[in-house]
There are 2 protein chains.
Amino acid sequence: MKPTIRDVAKMAGVSISTVSRVMNSPESVVEAKRSRVLEAIEKLQYQPNAFARGLIYRKSFTLGLLIPDIENMYFAGIIRGMQDACVKLGYSLMICNTDRDKDRLLSYVDAFREKQVDGIVFASDILYPEYYEKLTACRIPFVLLSSHSDEFEVPSVEVDDEEAAYEAVKFLIELGHREIGMIGFNHVNSVSGPPRYEGFVRAMKEGGLTHNIEKVAYAEHRFEQAYHATHELFSAHPDITAVFCVADEFAMGTISYLKDRNILVPGQVSVVGFDNLRMANMFIPKLTTVAQPIYELGYRAAEKLHELLTTGSVKVPKEMMKHKLIVRESSRQR
Amino acid sequence: MKPTIRDVAKMAGVSISTVSRVMNSPESVVEAKRSRVLEAIEKLQYQPNAFARGLIYRKSFTLGLLIPDIENMYFAGIIRGMQDACVKLGYSLMICNTDRDKDRLLSYVDAFREKQVDGIVFASDILYPEYYEKLTACRIPFVLLSSHSDEFEVPSVEVDDEEAAYEAVKFLIELGHREIGMIGFNHVNSVSGPPRYEGFVRAMKEGGLTHNIEKVAYAEHRFEQAYHATHELFSAHPDITAVFCVADEFAMGTISYLKDRNILVPGQVSVVGFDNLRMANMFIPKLTTVAQPIYELGYRAAEKLHELLTTGSVKVPKEMMKHKLIVRESSRQR
């Protein structure tokens, strides 16, 4: 006979409601009890029946996604991947756009709780203690996407930003470039800004090109800002022959600026982006870029959240997905 | 003393629940009763208190948005506008991506009903009878965005697609172009495909250039498809010197194709897009395009839905917002 939640509770020596909590908001159960429950689930090979779970625990079979900026093309791919996984796993997906606004984010968490969303994917934003506390208080299990937390134990899926940036810059050095600049994310409220800058610095140190470390201009998340940052960068360092941009949007803004100044890309300046947006292959010139597996990141985040919701934990708490440098037209041998 | 719902019901000679239904899903009330109620609301200057409404009618102060394709950059601007209006009006916004999949759309309507969403904005898709019946059966008030219905009485907000396309093509004719092609939307499941084609045809007839009417290739909604459609178009009609694309995405795909064939834009071929995406001004060359007031369309749709939810009707059932031709670099005198 198939084991029931009652069997799990008995074996673990806890109440049924504790088992339920472990499955639904594991953070709310003390470590000792939690591991006893998880052990029992494993030993008994307990598999909660999805439909019964819905009836018993008022599951809504809806997942929530919090994204910081709907106009960023990066999230379009994320959403597509996450939605396909949701369809496969039997969830509806509801998306809320926080605009990186703290109050809006917190109120969306409330809205998700009222709507009895089963779990949340929290994308591309720093997990401030205030957010963590709110989510935990609402007892909504969640995972981080294109983000991670050193401070709290929250499952996450992302790429290795430092390594990816390092490889992009190393590629430019190997093309013979010696005067290399960077258009980076502001470090203040960006998850990936600091590690991508560190990757840039590592490549420079390794290449004996530390004089470039200061050749960085920062932008928020839009073309237009990257356009202006490029103006800053080239005004201060007109000798630059290659630019590493930490986003494809930035690369497009950079190329647009250079084009407006009649500077040829890649003839005079090479540009490498980051993300491999759907747009990257259609831009003129087509972008050389560090591809993130955008669709797969979204897909995997939904799977991970599902794993957390159904088993109470995840096998790989901090998962790194593979990036890949894609060489197209915007870069050239120096 | 402020009038109450009871006063409205008394004056209209209907039950309180009928007044409530008129305010919350007017389609479910027969025309005769509905107009008596609306008259009474107007005469009494009845204004339902938002908070009380929430308690009495189980309002959730959440609006739902159904969009057909999250990867289409057009919707990013729509969502931003709609969200800003939601913030102003005190709603949360939940977005679901239907992928133009009938079953998915219907299941999202169910999800919205379960979550007690107050109303829905249904964007950019044909309102098939099946959808109308579902939404009406669920008693969720809704408005159409970048769509309209000739068949059903549903409030809508959009631009005048026929006129906008006509003006874009007329502009190309006035530049001296005589061999003009078009990259259009498939007519089968597109709301704006047929009227934009009609605008193209009208301009051709008016300009005595009816030989161009057959110079049309169709694409779904992506760059890549427009790229291939452009190949088709130029293979069949290599003499074309100007292309009207019914979307900026298509214009980018078209320009990318021409660039790959070493055909200069605008040197040899002029290209005009449609939408004025945020990207249009950063592309190379910058796109000449028919601007839709994308942000304002989203904003207005939320306001209209709010008007419907709070008053039971809308003052302007079929609202047209203004488009505007923006001339940039991708077009030139012949």
Side-chain angles (χ1 to χ4, degrees), chain A residues 60-62 64-65 67 69-73 75-80 82-84 86-87 90-99 101 103-104 107-108 110-112 114-117 222-224 226-227 249 252-253 255-260 265 277-279 281-286 295 329, chain B residues 60-62 64-65 67 69-73 75-80 82-84 86-87 91-99 101 103-104 107-108 110-112 114-117 222-224 226-227 249 252-260 265 277-279 281-286 295 329:
Chain A
S60 70
F61 297 102
T62 304
L65 171 63
I67 56 168
D69 178 10
I70 191 77
E71 288 197 82
N72 188 322
M73 288 180 278
F75 293 108
I78 290 283
I79 292 170
R80 168 153 311 283
M82 190 168 165
Q83 170 153 315
D84 284 357
C86 281
V87 169
Y91 293 100
S92 293
L93 174 61
M94 298 211 162
I95 304 149
C96 292
N97 178 43
T98 68
D99 272 332
D101 178 302
D103 292 336
R104 197 172 294 178
S107 92
Y108 274 129
D110 278 329
F112 277 147
E114 279 164 26
K115 309 275 178 282
Q116 301 185 314
V117 156
R222 300 299 172 84
F223 310 119
E224 297 81 354
Y227 187 100
E249 274 228 27
M252 295 180 210
I255 292 171
S256 186
Y257 171 84
L258 294 171
K259 166 83 182 167
D260 285 350
V265 177
L277 300 179
R278 175 164 96 69
M279 189 69 215
N281 193 34
M282 203 59 69
F283 202 70
I284 296 171
K286 301 187 205 307
Y295 174 92
E329 301 171 351
Chain B
S60 69
F61 297 101
T62 304
L65 171 62
I67 56 169
D69 178 9
I70 192 77
E71 288 197 84
N72 188 323
M73 289 180 277
F75 294 108
I78 290 284
I79 292 169
R80 168 152 310 281
M82 191 170 164
Q83 170 152 315
D84 283 357
C86 282
V87 168
Y91 293 99
S92 294
L93 175 63
M94 296 208 162
I95 304 150
C96 292
N97 179 43
T98 68
D99 272 332
D101 179 300
D103 292 336
R104 197 172 294 179
S107 93
Y108 274 130
D110 278 330
F112 277 146
E114 279 163 26
K115 309 276 177 282
Q116 302 186 313
V117 156
R222 299 298 172 84
F223 310 118
E224 299 80 354
Y227 187 100
E249 275 229 26
M252 295 179 209
T254 295
I255 292 172
S256 186
Y257 171 82
L258 294 171
K259 165 86 182 168
D260 285 350
V265 176
L277 299 179
R278 182 163 91 69
M279 189 68 216
N281 192 34
M282 202 62 66
F283 202 70
I284 296 172
K286 303 187 204 310
Y295 174 91
E329 300 170 350

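Residue numbers start from 1 in every chain, and the chains themselves are labelled A, B, ... in the order their sequence lines are given, proteins ahead of strands.
- For A:Ile70 against B:Ala76, the heavy-atom pair with the smallest separation is O-CB, 3.6 Å.
- The shortest side-chain heavy-atom distance between B:Met282 and A:Glu249 does not fall under the 4.5 Å cut-off.
- Per-residue counts of heavy-atom pairs under 4.5 Å with chain B were compared for A:Gln83, A:Met252, A:Met94; the largest is that of A:Gln83.
- Only the side chain of A:Asp84 has a heavy atom closer than 4.5 Å to any heavy atom of chain B.
- Between B:Lys259 and A:Glu329, none of the side-chain N atoms (NZ, or NE/NH1/NH2) sits under 4.0 Å from a carboxylate O, so this pair counts as no salt bridge.
- Considering OH of A:Tyr227 and CG of B:Asn281, their distance stands at 8.5 Å, rounded to 0.5 Å.
- A side-chain donor-acceptor contact under 3.5 Å links A:Arg278 to the backbone of B:Glu71.
- Ranked by heavy-atom pairs shorter than 4.5 Å toward chain B, the options A:Met73, A:Glu224, A:Arg222 are led by A:Arg222.
- Side-chain atoms of B:Asp260 and A:Lys286, non-hydrogen and from C-beta on, do get closer than 4.5 Å to each other.
- Note: B:Lys115 NZ to A:Gln116 CD = 7.5 Å, rounded to the nearest 0.5 Å.
- At a 4.5 Å heavy-atom cutoff, the contact between A:Thr62 and chain B is made by side-chain atoms alone.
- Interface remark: of the candidates A:Asn72, A:Ile79, A:Asn97, A:Val87, A:Asn97 forms the most heavy-atom pairs closer than 4.5 Å to chain B.
- Taking the side chain as every heavy atom from C-beta outward, A:Leu65 and B:Ile95 never approach each other to under 4.5 Å.
- For A:Tyr108, the part sitting under 4.5 Å from any heavy atom of chain B is the side chain, from C-beta outward, and nothing else.
- When each of B:Val117, B:Asp99, B:Asp69 is checked for heavy-atom pairs under 4.5 Å with chain A, B:Asp99 comes out on top.
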